[in-house]
Amino acid sequence: MTNRQLFLHHQAQTSPAPIGLEIVSASGNYLYDVDGNTYLDMIGGISVCNIGHRHPDVVAAIKKQADEYLHIMVYGELVQSPQAQYARLLSEHLPATLDCVYFTNSGTEATEGALKLARRATGRTDIVCCNNSYHGSTMGALSVMGDEYWRNAYRPLLPGVWHHNYNSPELINAINEHTACVIIETIQAESGVLPPDTEWLKQLRKKCTDTGTLLIFDEIQCGFGRTGKLWGFAHYDVVPDILLLGKALGGGMPLGAFVASHALMQQLTDKPVLGHITTFGGHPVCCAAGMAGMKALLNEQLIATVAEKEKLFHALLKHPKIKAVRSMGLLIAVELESPERVIEVLQKCLGKGLFSDWFLFAPNCIRIAPPLTITSDEIRLACEIISYSL
Ligand SMILES: Cc1ncc(COP(=O)(O)O)c(C=O)c1O
């Protein structure tokens, strides 16, 4: 059997018609397939590869750590330098109240950990969250996902979960003395790029503080420079109680984290002891890779280039068939008339060497979230291919 046949027969499928490109290597801003085709990558593994594919510092860190030790013991029991060092680096670049990191394997596990922490710390049960939000696919994360189409087949889900529109006063009004936490994406990604109103976010923060409710920001997709600042919340001068990280956190390796104050995180240590545990979360190779990736992101000053690149996309994405272009840094949604049209255009783009995708709750939008290392010439090429395909 060929790899494609094995993929279709022996691997679980997640959609009826997978893209099915067979990639043999990836480097920088490009993917290479088994037939010798090159693709300019417009999605970077869905906001994972912010510093490009296989950054040499990340590859070196992986090799170095592999020569020292791989898995030794579940997270949180032994002192493992890559975890401790990366936790410190993250804390140094976060507000003082976000100084304690719990590493997980994935974004959805970060969501689960944060929801548990909120219930444990407040002694309350209810959760307020947003329509059109995505926080992961496990049961807790699915319960706070903002779309009935995806939730319904898996009921019963968590009770006491209240969905309201992002940026709506109803969401703030729904917070009361039963609410353990509010969880939102700092910038809603899968709804086709929706930033918060600053005033709404400030009022949300105040209502959470007034009612003793914990505020959780999910920056799994919008963190690590994607929006033009290191963190999405840095645009708004509002600090959450718990921050969720993932995707680019691992520099291309699987890693997630929830981050809170040391005092808050202490809740997971006792009554019950081992309140949240993981075998592989914070794997030393992933932490070494992630730390090298974050250092490269900062040292190469990639974040400072994001605003110019965003502007260039806007200047070049002009076509009568484009209904709107929404963006927050290099998280860009190009809205067309219908999801069918998006699929057609994406297929044409692929034929011309451009790899892109759509958004979960906005299938009428093309996703543009390339590595932040994309050059001006590559942006011009990408926009030419999109215009041609349109
Ligand atoms: C905003 C957001 N939160 C959580 C997740 C879940 O992360 P993971 O797929 O690593 O579980 C995603 C993944 O796309 C995401 O975009």
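One is the number of the first residue; the rest follow in order along the sequence. Fair warning: this is a prediction, and the values are worked out from it, not measured in the lab. Whatever order the structure lists them in is the order used to number ligands and atoms, beginning at 1.
Using cut-offs of 30° and 60° on the angle between ring planes, the pair Phe280 and His71 is perpendicular.
At distances below 3.5 Å, not a single donor-acceptor pair connects side-chain atoms of Arg367 with backbone N or O atoms of Ser356.
Geometric assessment of Lys247 against the ring of Phe224 yields a negative cation-pi assignment under the 6.0 Å and 45° thresholds.
Taking the six-membered ring wherever Trp is involved, the centroid distance between the rings of Tyr102 and Tyr75 falls below 6.0 Å.
The 4.0 Å heavy-atom shell around ligand 1 contains residues Ser106, Gly107, Thr108, Tyr134, His135, Gly136, Glu185, Asp218, Ile220, Gln221, Lys247, ordered by chain and number.
Crowding of Tyr388 atom OH: a count of heavy atoms from other residues, nucleotides or ligands under 6.0 Å not exceeding 12. Environment of CG in Asp35: crowded, with over 12 heavy atoms of neighbouring residues, nucleotides or ligands closer than 6.0 Å.
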